[in-house]
Amino acid sequence: MMTFLKTILVILLVYFGLKFLIRLLTPYIMRYVAKKAGQKFEQAFGQNPMRSEPQKEGKVTIDKKPPSTRRTKETVGEYVDFEEIKE
């Protein structure tokens with residue numbers, strides 16, 4: 001009986017100890033995650049060629065859409081006319 005109570009007491013102490021540590025460490029973990037996300041965001045959008053150098057006033061550039069390569073005229077199937085049969 002005494003070992004059962006010791007086991008329950010150890011489990012409760014570990015549970016509350018981890019709960020307390022997580023509450024203490026959560027702000028630091030969140031700050032670390034936010035910093036890493038900010039670095040990835042800067043890395044992804046820092047290489048944007050549209051922002052590389054501002055255009056001079058009066059200069060016009062037109063970006064054209066590349067031609068689509070999916071121009072197929074395959075028919076999916078044949079249309080079959082049907083009539084409803086009443087019994």
Item to complete: Just grab all the ring-ring contact (aromatic ring centres under 6.0 Å, His included) pairs involving residues 18-42, residues at least two apart or on different chains.
Response: Phe41-Phe45

Worksheet entry | Co-members of Ile22 in a cluster of I, L, V, M, F, W and Y side chains, linked at under 4.5 Å | none

Worksheet entry | Rounded distance (nearest 0.5 Å) linking atom NZ of Lys6 with atom CD1 of Ile11 | 14.5 Å

Worksheet item: Do the side chains of Ile8 and Phe16 join up, straight or via other hydrophobic residues, at under 4.5 Å, putting them in one cluster?
Response: yes

Item to complete: Among Ile, Leu, Val, Met, Phe, Trp and Tyr joined by side-chain contacts under 4.5 Å, find the other residues sharing a cluster with Val14 and list them by chain and number.
Response: Val10, Leu18

